[in-house]
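Here is the structure we will look at, set down as structure tokens.
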Amino acid sequence: MGNAADGADGGGPDAAWDLPAQAHAASRARDLTARTLRDWHVTDPADIVLMVDELVTNAVVHGTGPVRLALRLDGALLTAEVSDAHPAAPAVPGGPPRVLDWSEAGRGLLLVAALATAFGARPRPPGKTVWFTRRVTTAPADTTGDTAAPGDGAVPAPRRPEPDGPPAP
């Protein structure tokens, strides 16, 4: 169902999983993402896990076919990609709603736009890939088996949608 690698192509570590387009896919994606980021010693994974949850949920609800989640760490830049077989790209959020709306639906991409360093969508036959990048801080690997203490965190760069996707690895 999934795999993880240590960047055999010369880049940083990467991991990818195929998830069924079912309700439990978002929960599985959260678990896989949290475990992978912990293994990569990312010091503050909560926002990344939340953004992955939102994109996987959108792929299950609005997409078709299986969902593919991929994570790649290249230095201090983490890229997450969620692919499905539906070709329609999600609407890019244009800012907060004009009227105060307490509904929970329709907020996922606004959340991603607020938390990501950059985000976007690109065609990926037969469907699309929705992605985000986020600057992260990693702690040194702990050889004693104890959990590494969080660092001071990275300050994200300005956010902007980039419809063509992140640079290829």
Side-chain angles (χ1 to χ4, degrees), residues 1-20 22-60 66-84 90 92-93 107-122 124 128-169:
M1 181 186 284
N3 65 48
D6 286 329
D9 62 356
D14 60 5
W17 304 271
D18 292 318
L19 305 168
Q22 298 172 350
H24 71 277
S27 173
R28 179 82 175 124
R30 286 191 308 270
D31 292 344
L32 292 165
T33 300
R35 183 175 351 140
T36 300
L37 296 177
R38 184 176 51 249
D39 290 349
W40 293 348
H41 307 285
V42 172
T43 58
D44 189 15
D47 288 348
I48 295 164
V49 172
L50 180 61
M51 289 187 286
V52 165
D53 174 84
E54 292 294 340
L55 294 186
V56 170
T57 297
N58 282 353
V60 170
V67 174
R68 180 145 181 95
L69 167 61
L71 302 173
R72 183 175 60 253
L73 183 61
D74 188 10
L77 190 67
L78 177 97
T79 300
E81 299 177 330
V82 176
S83 303
D84 69 75
V92 176
R107 306 284 179 141
L109 289 179
L110 281 173
L111 186 99
V112 173
L115 297 174
T117 303
F119 71 97
R122 67 178 177 275
R124 180 180 185 257
K128 67 183 168 299
T129 297
V130 182
W131 59 269
F132 69 84
T133 59
R134 172 76 183 248
R135 296 223 174 268
V136 297
T137 301
T138 55
D142 183 5
T143 58
T144 65
D146 294 334
T147 304
D152 58 356
V155 176
R159 298 169 190 93
R160 66 185 191 289
E162 296 181 20
D164 296 327

Could you give the distance from [atom1] ([X]) to [atom2] ([Y]), rounded to the nearest 0.5 Å?
X: Trp40; Y: Arg72; atom1: CH2; atom2: CZ; result: 9.5 Å
X: Leu78; Y: Thr133; atom1: CG; atom2: OG1; result: 8.5 Å
X: Leu71; Y: Leu69; atom1: CG; atom2: CG; result: 5.0 Å
X: Thr138; Y: Leu37; atom1: OG1; atom2: CG; result: 11.0 Å
X: Leu109; Y: Asn58; atom1: CG; atom2: CG; result: 5.0 Å
X: Thr79; Y: Ile48; atom1: OG1; atom2: CD1; result: 10.0 Å

Identify whether the distance between the nearest side-chain nitrogen and carboxylate oxygen of Arg30 and Glu54 falls below 4.0 Å.
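Looking at Arg30 and Glu54, the cut-off is not met.
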
| Could you walk me through whether Val136 and Asp44 pass the side chain to side chain contact (heavy atoms under 4.5 Å, CB included) check? | CA-CA 8 Å; Val136 297; Asp44 189 15; over 6 Å; no

[X] versus [Y], closest heavy-atom pair with distance:
X: Ala29; Y: Val56; value: CB-CG2, 3.7 Å
X: Ala116; Y: Phe132; value: CB-CB, 3.8 Å
X: Pro90; Y: Ala121; value: CD-CB, 3.9 Å
X: Leu19; Y: Ala25; value: CD1-O, 3.9 Å

Name the residue from Arg68, Arg124, Arg122 that meets the salt bridge (Lys or Arg N to Asp or Glu O under 4.0 Å) definition with Glu81.
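So, applying the salt bridge (Lys or Arg N to Asp or Glu O under 4.0 Å) to Glu81 and each of Arg68, Arg124, Arg122, only Arg122 qualifies.
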
Worksheet entry | Residue pair Val82, Val67: steps toward the side chain to side chain contact (heavy atoms under 4.5 Å, CB included) verdict | CA-CA 7 Å; Val82 176; Val67 174; 3.6 Å; yes

Q.
When you measure from the side chain of Thr43 to the backbone of Thr137, do you find a donor-acceptor pair of N or O atoms at a distance under 3.5 Å?
A.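 Looks like yes, one N/O pair under 3.5 Å.
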
| query | So, Thr33 side chain and Val49 main chain: donor-acceptor pair closer than 3.5 Å or not? | reply |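 No, because the side chain of Thr33 does not come within donor-acceptor range (under 3.5 Å) of the backbone of Val49.
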
| said: If you apply the rule side chain to side chain contact (heavy atoms under 4.5 Å, CB included), what do you find for Val130 with Lys128, and how did you get there? | reply: CA-CA 7 Å; Val130 182; Lys128 67 183 168 299; 4.3 Å; yes

Quick one, Thr129 and Asp84 - any side-chain contact, counting heavy atoms below 4.5 Å?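 No, too far: nothing below the 4.5 Å cut-off.
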
- Message: For a side chain to side chain contact (heavy atoms under 4.5 Å, CB included) check, start with the C-alpha distance between Leu111 and Leu50, then their side-chain angles and the critical distance, and finish with the verdict.
- Response: CA-CA 9 Å; Leu111 186 99; Leu50 180 61; 3.4 Å; yes

